[in-house]
There are 2 protein chains.
Amino acid sequence: MDDACTVNQTVRYLTRKWMLLIILELYKGSSHTRRFSDLKDSLDGITPKVLSERLKELEDEGILTRKVDATAFPVKTEYTLTASGLEIVDVIRGIKRWALKWKIENIPCGIQDCGACVL
Amino acid sequence: MDDACTVNQTVRYLTRKWMLLIILELYKGSSHTRRFSDLKDSLDGITPKVLSERLKELEDEGILTRKVDATAFPVKTEYTLTASGLEIVDVIRGIKRWALKWKIENIPCGIQDCGACVL
DNA sequence: TTGACCGTGCACGCATCATCCATGGTATAC
DNA sequence: GTATACCATGGATGATGCGTGCACGGTCAA
């Protein structure tokens, strides 16, 4: 398990705090697009500082694209999952499958019913 | 995305540092079993303290079982993936699939060739 | 005029993880 | 018989990642 191993590196990248949850929230948006404040409100406990950092990192890796809508006021920034980002949702689906199978207490998250949510 | 949501909780649990990599190394062992020092040597950069903590957490969640072999000297401690733990490997497979598709530079990790390794 | 919202980024404090070391009991080296 | 290495674990202390609190500049509604 070399440090340079791609699988190793990818695991360490994707398991940084908030990474997968941000991708999941983006996935839930129409056209897999959501705005900064929208994400911030959905991710309970995330700080704008970290959200901003993570979004930049995800953009750098080509997992999402950033588009600033300067026509509207206040300026709105939209983040959209790329094809590469969309496929990461499969990983989250795997985690969900495991959780629902082995963790009996399936507590739904608000409006989203985990048992039948978009995942 | 409520804090109490099972998927949310599971993501946060599994994405703690070293979690998935420890499970992957256990999976590589014969009968999905490996010893403490063996794991420590395979996981480049992990400290024995954190490894010990993580193994205990994984045992508490029923993801692995711990067996002390007191007949041998020095005493050897063996960790084995449970059925629940085995299925987490599917999640890692998902990450590998994604990495090999979107990250061109597939750097093998030592003896394990990522392109054809046990995953 | 005053306040609210938008996305970002700073200075500071805490929680997590890394570093270093200690343990006890036994096998091998000398 | 003395020394040293291995095994798994846990404590004390540092470093780093992330949370907290706050500020920005620009434009809207009240």
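The sequence lines fix the lettering, A, B, ..., with proteins before strands; numbering per chain opens at 1. These numbers come from the heavy atoms of this one structure, side chains and all, not from hydrogens, waters or symmetry mates.
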Show me the donor-acceptor pairs within less than 3.5 Å that the side chains of residues 69-78 of chain B make with the rest of the protein, sequence neighbours left out.
unit_1: B:Asp69; atom_1: OD1; unit_2: B:Thr71; atom_2: N; d: 3.1
unit_1: B:Asp69; atom_1: OD1; unit_2: B:Thr71; atom_2: OG1; d: 2.6

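- Contacts of residues 48-63 of chain A with DNA chain C (heavy atom under 4.0 Å): A:Pro48, A:Lys49, A:Ser52.
- Applying the ring-ring contact (aromatic ring centres under 6.0 Å, His included) definition to pairs two or more places apart or across chains, none involves residues 35-66 of chain B.
- Not counting sequence neighbours, the partners of B:Lys56 by the salt bridge (Lys or Arg N to Asp or Glu O under 4.0 Å) test are B:Asp60.
- Going from atom CG of B:Asp44 over to atom P of C:dT19 covers 11 Å, rounded to whole Å.
- Listed by chain and residue number, nothing satisfies the salt bridge (Lys or Arg N to Asp or Glu O under 4.0 Å) test with A:Glu59 (two or more places apart in sequence, or in another chain).
- Residues B:Ile22 and B:Arg54 approach most closely at CD1-CB, 3.5 Å, considering heavy atoms.
- Whole-Å rounding puts the B:Leu39 CG to D:dT9 C1' distance at 14 Å.
- For A:Ser84, the side-chain contact (heavy atoms from CB on, under 4.5 Å) test picks out A:Ile63, A:Thr82, B:Trp98, B:Trp102, with sequence neighbours left out.
- Counting to the nearest Å, the P atom of C:dT8 and the CD atom of A:Glu78 are 12 Å from each other.
- Contacts of B:Lys17 classified as side-chain contact (heavy atoms from CB on, under 4.5 Å), with partners at least two apart in sequence or in another chain: none.
- The CG-P distance, from A:Asp69 to D:dG26, rounds to 18 Å in whole Å.
- In this structure, B:Arg66 has no salt bridge (Lys or Arg N to Asp or Glu O under 4.0 Å) partners at least two apart in sequence or on a different chain.
- Remark: B:Arg93 engages B:Tyr27, B:Val89, B:Asp90, B:Leu119 in a side-chain contact (heavy atoms from CB on, under 4.5 Å) (not counting sequence neighbours).
- A search for salt bridge (Lys or Arg N to Asp or Glu O under 4.0 Å) contacts involving B:Arg97 returns nothing, not counting sequence neighbours.
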What are the atom names and distances for every N/O pair under 3.5 Å that joins the protein to nucleotides 2-6 of chain C?
unit_1: C:dC6; atom_1: O5'; unit_2: A:Ser37; atom_2: OG; d: 3.4

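- Near-neighbour residues of DNA chain D inside residues 11-19 of chain A, defined by a heavy atom below 4.0 Å, number-ordered: A:Arg16, A:Lys17, A:Trp18.
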